[in-house]
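The first residue of the sequence shown is numbered 1, and numbering continues consecutively from there.
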Amino acid sequence: MTTTHGRVLIVDDNPANRQMLMRRLERRGFEIAVAEDGPTALDYLAAQPCDLVLLDLEMPMMDGMEVLTRIRQTWEPDTLPVIIVTCRDEAEQLVQAMNAGANDYVTKPVNVPVLEARMRTQLSNRWAQLALRVSEERYRVAVAGSNDGIWDWDLQTGSVHYSERWAGILGCQPQDMKGTVDEWLSRVHPEDLDRVRLEIDEAIEGRAAHLETQHRMRHELGTYRWVLSRAAVVRSATGVPARMAGSLTDITDGKVVDALTGLPNRALFMDRLRWFVERAQRYPDRLFAVVVVDLDRIKTINDSLGHAAGDELLAAVARRLEKSVRSLDLIARLPTDVPSAPRLGHTVARMGGDEFTMLLGDVTSADDATAVAVRVQGVLAAPFVIQAREVFVSASIGIVVSSSGVVDAETLVRDADMAMYRAKTLGGNRVQVFDGALRGYALRRLQLETDLRRALELSELEVELQPIVRVSDQQVAGFEALVRWCRDGQRVGADEFVKVAEECGLVFNLDLWVLRHTCTLLSTWPQAAYRVAINLSGRSLKQPDVVERIERVLTETGISPDRIEIEITESAAIDSLKMASATLTRLRDMGLRLSLDDFGTGYSSLSYLHKLPIDTVKIDKSFIDRIGEASDDREIVRTIVELAHRLKLDVIAEGVETREQLAALQSLDCERAQGYYFSRPVQTAAARVMVGTRLTVPVPAALAEQVSAD
Ligand code: C2E
Ligand code: CA
Ligand code: CA
C-alpha cells in the first residue's frame, strides 16, 4: 500500500489492547499512534495533525469523557472524528459520550472488521466534509476514493442515488443502476431480506436510532458478498422522515477467511457450493464433488504438544491441501479484485476444528474425486515438522458427487460428512464414497445411539456372567460380567453396541453401570470368595475421575475391592502407556485386581507385561483355537505362560471350546480358563447356582435357561 488510509490515535491505558489494535490496524493500512493516558493524547493532538481518535472510556487519571470534552473544545466532529471503544455495560456513559460529540462507538471485545468499516465511514465523511469546503469536485473524488459506497434515498419521491463505489462493490456499472430502492433490496440474500427490511423500517419509523446491519448481497458474478450498511434518517422540522443516507462497506474478507489457515471458511464454502448446486440444476451433466477431510487423532497432538502446535499443524495441513489440488486446476484463493468469484476449479476450505473441505469443480465421476483424495492422503503422509518435532497425521476422507440426485448444499455436505464418518469408524486413514446405503447405515446407527442413551436411563441393560474355571479341576473360580441389552424384548450381545457406546461417549456410564449392578449383586451372594471381572473400556480408563468414580461405587455398595478384577484390553493400555499405568497403579493401590484382556491381538509385545501393573493376562481366543494341535500358536501360548509366571502373573485362557484345548492348557500349566466348553455367559441367577460346582461338561443351554427362569 503506498498511502495510508489515515493517521489514527489509539488512546487506551491497557497495553495489550493498544498493541492488539495497533498491529491489526497497521496491517490494514492505517498509520497508528498510541497514547497510554489522556494528557499524553492531548499533547500528541496539539503537536501533530491526526485524522481519527479511538478512545477508551475507562482510564485512570483523566477518563475518556474528560479527554473527549477537551478534544471537542478544539476540534469539531467533522474535522476530528472520535470513536469510543467501550464495554457493553457502559450504556449510560456511552449516551453521555455521544452527546458530548463522539462520532461513533464500538464495543469490546473489538471486532476489527467492524471497527475498520466504521473508521472508514468516519474518515470518508471527514474527507467529504473537508473536500466540500474546498470544492464540489474534490468531494466527488473523496467519495469515489473511499472504500465505502454511498447511497442517498429520498423518502418523499422514492428515488435513490447510488455512488460509483456502491455499484463497484457489487460488480455493477453505475450507468446500469436504476435509482430505486429495489435495486438494492433485490440483491440482498433471500435469507437476510426479511431482517434487512425490518431494520430499515425501524430506522425510518424512529424505533431505532439509525440503521446498522450486516447482510449478504449478490455480486454480478452470482456469488454473495458480506456488506455493512449504515445509514441515518434525516427528518423535517416536524419530524417527518425525509431522507435516508448512508454507506455500504464490503466486509467479506473479514467474514469469509479462516484466520488460522487463511483458507475460505464455512460461510464462503457454502456460498460457493450453493452456486455449484444452482449451476448443476441448469447443466445436470456438469458434475462436481464435495470432499471432507478430517484429520485422525489430532487431539493427541493438541494434548501432547499444546494448542499452539496444533494450530501450526492445521496451517501446515492447509498448505499441503492447497498444493494437492493446485496442479489439477488453479486453486480458489481470494484475489483482491473480485474476491469470491466462482471458478469451475477447486476450493479448499476449513470448516472448523480439524475438518477441511474441498469443492472439486468439473469432475467426470466419483473416480476423479477418489483420485484426488488418494493424492491428499499421500501428501499428508510425509511427516510435518512442528516445533522441531516430526509429527505424523492421517485423514479420514468422505466424498459425495453431485450426481447422487441431491438438491441442496447442506445435504451434500452432510452426506460427505457421513461418508467421512464411516471412513473413521472403519479405522481412519481411509477414503469412503457416499452412496445411498451409507445413509441407511448412518440412520440405523443414529437410531442405535439414541436408543442406547435411553437404554442407559431406563435400565434396559443387563449383566450376564460367564464362569472362569480352574484348569486343574474345572472348579468355578470366578466370573466375568458381560453386558447385554434387552432391546424390544430381544437380548443384544455386547459386540453389537459397546463400540457405538465408545464412539458416542456413553461407554464410561455403561461401564460404571455394569460395575454397580455387579457389586449390588455380589452383596446378595453368601460366598464372599468369588471374584468377578468387569470390562473397562480404554475410553473409560482415560476419564480423569475414573478412579474416584469406581471407588465411590465400591463404597456405596459395600463391596471389598479385592472381589473385583478390572479387565483392560491390551491396546487400550498401550495406546497411552504412561497415563494408563498411572491410572492402573492407583486402581491397584485401592486393592482392585487388574487383568490384561485379549492379549496377543494388539501390539503383542511381551515387553509390555513388565511395564504394566497387572495381576493377570488373558490370552485371546484366537491363540486358543488351534492350541489342541501341535501348532505355532501352542508354542506362543507356552511362551506367554512361562513369561507370565516368571513375572508372577496369572494366566487365563479365553474361548476354550473343546476337551483337547483344555488338555493342552493343563499340560502348559495355565491356571484358569473360560469358554463355551465350560459354560456360555448365563443370567445371574444361573451363575449363582454354579458357585462351588465343577463344570466338567458344558452346562446344557436348556439347564442354564431353566435355572435363570427360577
Ligand atoms: P471380551 O472381554 O473378550 O469377552 C469375551 C467375549 O467372548 C464375550 O463376548 C463372550 O461371550 C465370548 N466368549 C466367551 N467364551 C467363548 C467361547 O468359547 N467361544 C466364543 N466364540 N466366544 C466366547 P460378548 O459378551 O459378546 O462380549 C464381547 C466384547 O464386548 C467383550 O470381549 C468385551 O470387550 C466387550 N464387553 C462386554 N461387556 C462389556 C462391558 O460391560 N464393558 C465394556 N467396556 N466392554 C464390554
Ligand atoms: Ca473381557
Ligand atoms: Ca477377551
Rounded to the nearest 0.5 Å, how far does [atom2] of [Y] lie from [atom1] of [X]?
X    : Y    : atom1 : atom2 : result
L592 : L554 : CG    : CG    : 5.5 Å
I534 : E567 : CD1   : CD    : 9.0 Å
L515 : S540 : CG    : OG    : 10.5 Å
I619 : I640 : CD1   : CD1   : 4.5 Å
T639 : E635 : OG1   : CD    : 6.5 Å
H219 : R225 : NE2   : CZ    : 6.5 Å

Inset, instruction - Please lay out, stage by stage, how V514 and N535 fare under the test side-chain contact (heavy atoms from CB on, under 4.5 Å). - result: CA-CA 9 Å; V514 171; N535 292 284; over 6 Å; no
Inset, instruction - Answer with yes or no whether the side chains of D633 and S631 bring together a donor and an acceptor at under 3.5 Å. - result: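 There is no such pair (donor and acceptor under 3.5 Å, judged by atom type) between the side chains of S631 and D633.
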Determine yes or no for a side-chain-to-main-chain donor-acceptor pair under 3.5 angstrom, with [X] supplying the side chain and [Y] the backbone.
X    : Y    : result
R320 : V379 : yes
R274 : A409 : no
R672 : I468 : no
Q377 : N429 : yes

[X] versus [Y], closest heavy-atom pair with distance:
X    : Y    : answer
V507 : S537 : CG1-OG, 3.6 Å
V651 : A644 : CG2-CB, 3.6 Å
F434 : A419 : N-CB, 3.9 Å
P113 : N111 : CD-OD1, 2.8 Å
A423 : I397 : CB-O, 3.9 Å
A373 : I399 : CB-CD1, 3.9 Å

[X]: partners by side-chain contact (heavy atoms from CB on, under 4.5 Å), with sequence neighbours left out:
X    : answer
A318 : T261, L263, F356
L260 : D258, D311, L314, R350
D545 : F508, Q543, E548, R549
E496 : V492

Hey, are the side chains of [X] and [Y] touching, using non-hydrogen atoms and a 4.5 Å cut-off?
X    : Y    : result
W485 : L461 : yes
S396 : R430 : no
L295 : L380 : yes
E116 : F30  : yes
L360 : D368 : no
V112 : R28  : yes
V641 : V617 : no
E355 : D417 : yes

Inset, instruction - Evaluate the side-chain contact (heavy atoms from CB on, under 4.5 Å) criterion for residues I550 and I564: first the C-alpha distance (whole Å), next the side-chain angles of each, then the deciding distance (0.1 Å), finally the verdict. - result: CA-CA 11 Å; I550 290 177; I564 301 293; over 6 Å; no
Inset, instruction - Before giving the answer on side-chain contact (heavy atoms from CB on, under 4.5 Å), spell out for E671 and H645 the whole-Å C-alpha distance, their side-chain angles and the decisive distance to 0.1 Å. - result: CA-CA 10 Å; E671 285 80 23; H645 286 171; 2.6 Å; yes
Legend entry - Salt bridge flag under 4.0 Å for residues D615 and R588: yes
Inset, instruction - Decide, yes or no, whether a salt bridge links R638 with E642 under the criterion of side-chain N to carboxylate O below 4.0 Å. - result: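 Answer for the salt bridge query: no.
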Inset, instruction - Please report the C-alpha distance between R539 and D511 in whole Å, then the side-chain angles of each, then the deciding distance to 0.1 Å, and finally whether the side-chain contact (heavy atoms from CB on, under 4.5 Å) criterion is met. - result: CA-CA 10 Å; R539 279 277 195 122; D511 285 346; over 6 Å; no
Inset, instruction - Kindly state each residue pair satisfying ring-ring contact (aromatic ring centres under 6.0 Å, His included) with at least one member in residues 287-309, sequence neighbours excluded. - result: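 For residues 287-309, and leaving out neighbouring residues, the ring-ring contact (aromatic ring centres under 6.0 Å, His included) pairs sorted by first residue read F276-F288.
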Inset, instruction - Please collect all salt bridge (charged side-chain N to carboxylate O under 4.0 Å, His left out) contacts where either partner lies in residues 419-428, sequence neighbours excluded, each pair once. - result: D294-K424, D296-K424
